[in-house]
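Residue numbers start from 1 in every chain, and the chains themselves are labelled A, B, ... in the order their sequence lines are given, proteins ahead of strands. Being a predicted model, the structure only gives us computed values, none of them experimental.
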Protein chains: 4
Amino acid sequence: MSPRVSKEHLKQRRADILEAARQVFIEHGYEHTTMKHVMEAADVSRGGLYQYFSNKEDLFEALLEEGLTEETEDSLEKVESYWSLLMQLLFGEDGSPDTEMDPLAPSKLEFFITGRNDERRRAYGEKRYEMGLRIYDDLIKRGQKSGEFSDRYDSELVARSIITFIDGLALDHAILPDEKVKLKEQSALFVDYLKMALDVSSS
Amino acid sequence: MSPRVSKEHLKQRRADILEAARQVFIEHGYEHTTMKHVMEAADVSRGGLYQYFSNKEDLFEALLEEGLTEETEDSLEKVESYWSLLMQLLFGEDGSPDTEMDPLAPSKLEFFITGRNDERRRAYGEKRYEMGLRIYDDLIKRGQKSGEFSDRYDSELVARSIITFIDGLALDHAILPDEKVKLKEQSALFVDYLKMALDVSSS
Amino acid sequence: MSPRVSKEHLKQRRADILEAARQVFIEHGYEHTTMKHVMEAADVSRGGLYQYFSNKEDLFEALLEEGLTEETEDSLEKVESYWSLLMQLLFGEDGSPDTEMDPLAPSKLEFFITGRNDERRRAYGEKRYEMGLRIYDDLIKRGQKSGEFSDRYDSELVARSIITFIDGLALDHAILPDEKVKLKEQSALFVDYLKMALDVSSS
Amino acid sequence: MSPRVSKEHLKQRRADILEAARQVFIEHGYEHTTMKHVMEAADVSRGGLYQYFSNKEDLFEALLEEGLTEETEDSLEKVESYWSLLMQLLFGEDGSPDTEMDPLAPSKLEFFITGRNDERRRAYGEKRYEMGLRIYDDLIKRGQKSGEFSDRYDSELVARSIITFIDGLALDHAILPDEKVKLKEQSALFVDYLKMALDVSSS
DNA sequence: CATGAATGAGAATTCATTCAT
DNA sequence: CATGAATGAATTCTCATTCAT
């Protein structure tokens with residue numbers, strides 16, 4: 001009556017498969033990854049894999065969700081500086097524009113671009129966009145309300161621009177060799193721009 | 001001695017196939033378009049299609065090349081304003097940010113993203129990036145030399161940022177409904193960004 | 001844990017497919033046999049067939065290997081007569097020249113002839129030739145050392161001639177109706193010749 | 001009313017195509033040669049090619065016929081030595097076993113082997129076999145009648161063996177590298193074989 | 001006669017997904 | 001639950017041959 005394997009074990013197995021899948025998707029991209037690739041990387045049987053994830057899409061979405069939960073951790077109400085919070089959001093903990101890109105990002109782009117005609121996928125992409133948008137929008141709105149940021153520009157528009165810029169960088173980074181994109185320099189330029197748009201003077 | 005059809009006809013046929021292919025690629029995207037789709041849309045037989053284009057990649061690249069030749073027409077040496085030239089380059093003839101997106105753009109993104117692990121495709125993408133980069137870089141360099149633009153930022157960096165922004169917009173536009181991306185508003189904001197980077201005061 | 005079917009079953013399935021394939025290859029020849037032919041003869045699905053053999057070449061080579069293992073059974077060190085051993089090698093158990101030809105032989109010839117420009121296939125053919133050559137060469141060498149055979153001719157040359165003769169017979173047999181080739185009579189003549197070349201007097 | 005091009009011209013054109021086709025067949029083999037290969041090598045249009053030869057088979061058979069007419073020229077009645085005549089037949093003018101192989105031979109084998117299930121082709125092959133057989137058989141019969149050759153063996157049987165040997169050599173030569181087949185040595189050995197079978201003592 | 005565009009049957013191969021054990 | 005054999009729809013690409021001009 002009791003399950004043969006512990007719930008813990010199941011969770012672990014699932015996590016292992018996901019981790020293996022991540023590597024495979026990073027290597028081959030979304031479209032060119034086959035379930036067999038995943039099976040082999042995760043050392044699961046075909047049936048086993050389908051036990052945890054009912055198809056390739058489901059599997060990939062699980063990876064997408066994973067990424068999400070990590071990011072939603074910040075719910076700070078009061079911070080000394082919204083600007084530094086924004087920088088952290090953009091470039092990670094240290095807030096300086098030299099962070100690595102998410103290696104799965106190219107596959108994520110693929111997933112949404114190739115699936116843009118699929119209603120379900122489209123809706124999912126939109127939801128994710130909205131979530132990202134909210135985060136930046138909220139932050140900027142608060143900064144504006146607190147007086148730290150100028151409200152010259154609509155907060156949502158700035159938020160959208162941030163995402164557009166990030167997406168553009170991710171795209172170019174996916175396609176071009178590192179030395180072509182100049183991630184760091186472009187990021188620095190974009191930061192200057194944000195400073196201007198939000199009227200932030202400090203470094 | 002006389003071929004069955006005139007050279008004109010051949011050219012036309014090829015153009016027709018390309019046009020049909022364009023529609024199909026716009027509708028289904030690069031990955032999900034099959035040669036059969038194209039065959040049917042262009043009303044060509046299998047063999048006929050392969051007579052003109054040896055495979056899907058070749059066919060799509062023909063479409064990519066088409067786009068290229070159209071753009072290279074402008075080689076103005078002396079202009080009254082580099083800024084307005086830049087605006088024209090970005091937003092078309094009238095230079096105002098309300099242009100339509102190239103409907104094939106999403107498929108182009110697909111083409112390069114899904115092919116990022118293919119040496120040939122990668123090289124091709126890089127070449128195209130370089131070509132685009134040169135155009136903007138040249139323009140900005142001239143503007144800087146003429147004193148119209150500030151040289152606070154490296155011209156190439158600004159050029160890269162322009163492409164990044166365009167790519168980001170194209171990407172979001174491919175995935176999200178029109179009303180979400182706010183093309184026009186973001187473009188206007190981006191123009192401000194450029195004004196800041198190039199120290200251009202005029203409207 | 002337990003697979004759907006026993007290992008035995010799998011082996012059997014593979015053997016069944018091979019057997020069906022053999023019949024199909026015998027009937028249509030190598031080039032004109034399609035995987036569909038095999039599928040239907042073996043009553044396997046397309047995917048099923050490809051599960052066992054990754055392509056036509058692989059499938060055929062499996063048949064070739066099969067034939068090989070059967071022959072390698074003889075490793076007799078001391079025999080009362082190398083001549084009778086040679087006859088057995090040539091004509092099967094009873095050592096008399098009235099054996100049937102391997103019905104797959106024509107397809108084997110096809111396989112190697114049509115593939116003569118393919119590096120892989122060529123190498124494989126050479127390997128097989130060498131293996132056959134070794135067997136006859138060894139036998140003759142021993143016979144010569146033991147004094148049973150004359151060493152007037154180089155053992156390897158005689159061995160090559162044997163293979164040439166066999167190949168010639170196989171070829172003619174593949175192309176001509178049985179009554180034309182006169183397998184038995186030609187074989188008898190060839191035996192006489194070998195007797196002369198090896199100086200063997202007995203019947 | 002009079003033909004636009006001279007009959008001579010037509011003949012020449014045909015001969016040119018055949019010569020080009022020969023080279024192509026030598027290079028790719030019968031099965032893997034396409035009409036396009038021939039078109040390009042002969043610099044004929046598709047339609048032009050089909051004007052002269054109604055299909056690939058027809059084209060190849062024309063090449064086969066070509067070879068035939070050249071050889072059938074000798075019909076000497078009285079010769080001083082049937083043995084030397086036989087040697088000439090086997091090894092060309094000088095009658096010594098160091099002749100080159102017909103480079104088209106591998107393709108000829110292919111043609112007949114892959115076509116062995118086609119009634120027409122089979123009949124054609126048989127006819128050719130018979131023709132070859134007759135030549136050798138006649139020669140040997142005469143030699144036997146004249147007393148130069150022993151009639152221990154049936155002349156036809158010996159003739160068949162000659163063809164078998166030639167076919168075997170051609171086959172091995174088609175598949176194996178030159179140094180493996182040892183054409184010359186095997187030929188010399190085969191001459192000994194014939195000497196035995198025909199009881200000819202002289203060199 | 002010559003041309004070469006067009007045809008379309010057919011071959012190989014891939015892969016997500018199912019399901020009997 | 002796990003297994004992995006089996007399925008078969010889909011897709012790409014090839015090539016001999018035809019035929020309108």
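- Applying the side chain to side chain contact (heavy atoms under 4.5 Å, CB included) test to Q23(A) and every residue at least two apart in sequence or in another chain returns E19(A), I26(A).
- At a non-hydrogen distance threshold of 4.0 Å, nothing from residues 33-40 of chain D comes into contact with DNA chain E.
- By the side chain to side chain contact (heavy atoms under 4.5 Å, CB included) test, M39(B) is found to be paired with K36(B), R46(B), L49(B), residues two or more places apart in sequence or in another chain being considered.
- Contact annotation: the side chain of L18(D) approaches that of F53(D) to within less than 4.5 Å [non-hydrogen atoms, C-beta and beyond].
- Within residues 47-59 of chain C, the residues that have a heavy atom under 4.0 Å from DNA chain F are, in order of number, G47(C), G48(C), Q51(C), Y52(C).
- Evaluation of the ring-ring contact (aromatic ring centres under 6.0 Å, His included) rule for H32(B) yields no partner, not counting sequence neighbours.
- The side chain of R46(D) lies closest to dT17(F), out of dT17(F), dT13(E), dA2(F).
- Checked against salt bridge (charged side-chain N to carboxylate O under 4.0 Å, His left out), R116(C) has the following partners two or more places apart in sequence or in another chain: E110(D).
- The stretch residues 113-120 of chain B has no heavy atom under 4.0 angstrom from DNA chain F at all.
- Legend: residues meeting side chain to side chain donor-acceptor pair (under 3.5 Å) with N55(D), ordered by chain and number and at least two apart, are absent.
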Problem - Strand DNA chain F as a dot-bracket string - pairs counted if Watson-Crick or G-U with both distances under 3.5 Å, | where the partner lies in another strand - result: .||||||||||||||||||||
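- Two residues are said to be in side-chain contact when any heavy atoms from C-beta on lie closer than 4.5 Å; F111(A) and E31(A) fail this criterion.
- The side chain of V44(C) approaches dT7(F) more closely than any other nucleotide in the set dT7(F), dG4(E), dA6(E).
- Partners of E57(B) under the salt bridge (charged side-chain N to carboxylate O under 4.0 Å, His left out) rule, at least two apart in sequence or in another chain, are R120(B), R121(B).
- With sequence neighbours excluded, the residues satisfying salt bridge (charged side-chain N to carboxylate O under 4.0 Å, His left out) with D102(A) are K108(A).
- Not a single donor-acceptor pair under 3.5 Å links the side chain of H28(A) to the backbone N or O of F25(A).
- Residues passing the side chain to side chain contact (heavy atoms under 4.5 Å, CB included) test with A42(C), sequence neighbours excluded: I17(C), A20(C), V44(C).
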